[in-house]
K.L.:
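This structure is in structure tokens; I'll ask about it shortly.
Heads up: numbering here begins at 1 and tracks the sequence. Computed from a predicted structure; not experimentally measured.
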Amino acid sequence: SERAEAVRANIPRKRVETFRFNPNTVSEEDLCRLGFSPKQAASIIAYRNKGGKYRRKADFADSFVVSDSIYRRLESYIDIPLIDLNTADSAAFDSLPGIGGWFASKMVSYRKELGGYSYKEQLMEIWKFDQEKYDALADLITLNPENLRQYPLWTLPADSLRKHPYIGDYAAKGIVLYRDNNPPSSWTVEALMTAGILNPETSHKLARCVISEP
């Protein structure tokens with residue numbers, strides 16, 4: 001109506017801002033700056049306080065207080081950090097879908113055994129960690145190149161090498177023997193397989209790892 005338009009014209013328009021934000025940590029005040037009403041912002045905070053978590057942008061879009069128009073405007077500004085397999089603790093792993101405390105603990109302990117994850121698929125080497133479980137979280141995890149740890153294959157003694165899941169006692173002794181009798185220029189995972197120290201399956205896994213130079 002003309003009267004409604006007149007009232008609207010006399011009310012200052014709310015200033016809406018756009019900036020990068022993580023819906024899991026953004027404050028109630030900043031949600032209002034992004035264009036949410038105080039009631040909507042409080043609802044988002046209440047959801048988080050009850051243990052709710054936005055793992056993906058789509059999770060935030062599905063929230064009943066996030067309209068399609070607001071989501072379209074903010075989608076490119078939503079910043080939900082991925083979980084780095086080499087720096088996350090068990091609590092961070094526990095927050096992933098389908099994980100829970102037992103798998104979170106195993107993800108941490110297996111990382112220690114490996115000397116650090118080199119590729120994400122290594123998670124499926126954990127007992128009962130199948131393809132379905134991996135597919136449910138593959139897009140939520142990452143391996144930051146800055147946090148990749150080089151495995152010192154060519155310098156560790158046999159008693160340390162044997163602890164690696166891909167090596168064991170027999171191969172550990174073989175690797176040390178190979179190093180003692182061959183020049184560093186020939187030290188490769190492929191050469192260890194050719195020499196019969198590693199089997200093809202194990203050598204393929206080890207070759208994908210980040211290994212320090214001889």
K.L.:
Hey, what's the ring geometry for Y47 with Y54, parallel, tilted or perpendicular (30° and 60° as the breaks)?
P.N.:
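Tilted, since the angle between the ring planes falls between 30° and 60°.
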
K.L.:
Counting distance only, does the side-chain N/O of K133 pair as donor-acceptor with the main-chain N or O of G98 below 3.5 Å?
P.N.:
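Here the side-chain-to-backbone pair exists.
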
K.L.:
Who pairs with A158 by side chain to side chain contact (heavy atoms under 4.5 Å, CB included), at least two apart in sequence or on another chain?
P.N.:
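Counting only residues at least two positions away or on another chain, A158 forms a side chain to side chain contact (heavy atoms under 4.5 Å, CB included) with A172, V176.
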
K.L.:
Does any part of the side chain of S109, heavy atoms only, come nearer than 4.5 Å to the side chain of K106, both counted from C-beta?
P.N.:
yes

K.L.:
How about Y170: does its OH atom have over 12 heavy atoms from other parts shown lying under 6.0 Å from it?
P.N.:
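No, because the 6.0 Å sphere around OH of Y170 holds 12 heavy atoms or fewer from other groups.
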
K.L.:
Inspect the surroundings of CD in E190 and state if more than 12 heavy atoms from other residues, nucleotides or ligands are less than 6.0 Å away.
P.N.:
no

K.L.:
Among D89, D94, L96, which one satisfies side-chain contact (heavy atoms from CB on, under 4.5 Å) with M107?
P.N.:
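Option passing the side-chain contact (heavy atoms from CB on, under 4.5 Å) with M107: L96.
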
K.L.:
Just by distance, no angles: are the side chains of Y166 and E113 close enough, under 3.5 Å, to form a donor-acceptor pair?
P.N.:
no

K.L.:
State, with a plain yes or no, whether a side-chain heavy atom of I83 is found less than 4.5 Å away from one of L140.
P.N.:
no

K.L.:
Do T202 side-chain atoms and N199 backbone N/O form a donor-acceptor pair below 3.5 Å?
P.N.:
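Judged by distance alone, no pair lies under 3.5 Å.
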
K.L.:
Quick check: does any side chain N or O of R33 sit under 3.5 Å from a backbone N or O of V16, one acting as donor and the other as acceptor?
P.N.:
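No: the side chain of R33 does not pair with the backbone of V16.
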
K.L.:
Give a yes or no on whether the backbone of R72 and the side-chain of E75 come within a donor-acceptor separation of less than 3.5 Å.
P.N.:
no

K.L.:
Output side-chain donor-acceptor pairs under 3.5 Å for residues 141-154, partner residues at least two apart or in another chain, one line each.
P.N.:
unit_1, atom_1, unit_2, atom_2, d
N144, OD1, E146, N, 2.9
N147, ND2, D84, OD2, 2.8
R149, NH2, N86, O, 2.9

K.L.:
Taking atom CH2 of W102 as the centre, report whether more than 12 heavy atoms of other residues, nucleotides or ligands fall under 6.0 Å from it.
P.N.:
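Result for CH2/W102: enclosed.
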
K.L.:
Between S105 (side chain) and G101 (backbone), is there a donor-acceptor pair under 3.5 Å?
P.N.:
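A pair under 3.5 Å: no.
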
K.L.:
Tell me whether the count of non-hydrogen atoms from other residues, nucleotides or ligands lying under 6.0 Å of NZ in K163 goes above 12.
P.N.:
no

K.L.:
I'd like to know whether the aromatic ring centres of Y134 and F129 sit less than 6.0 Å apart in this structure.
P.N.:
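Between Y134 and F129, the centre distance exceeds or equals 6.0 Å.
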
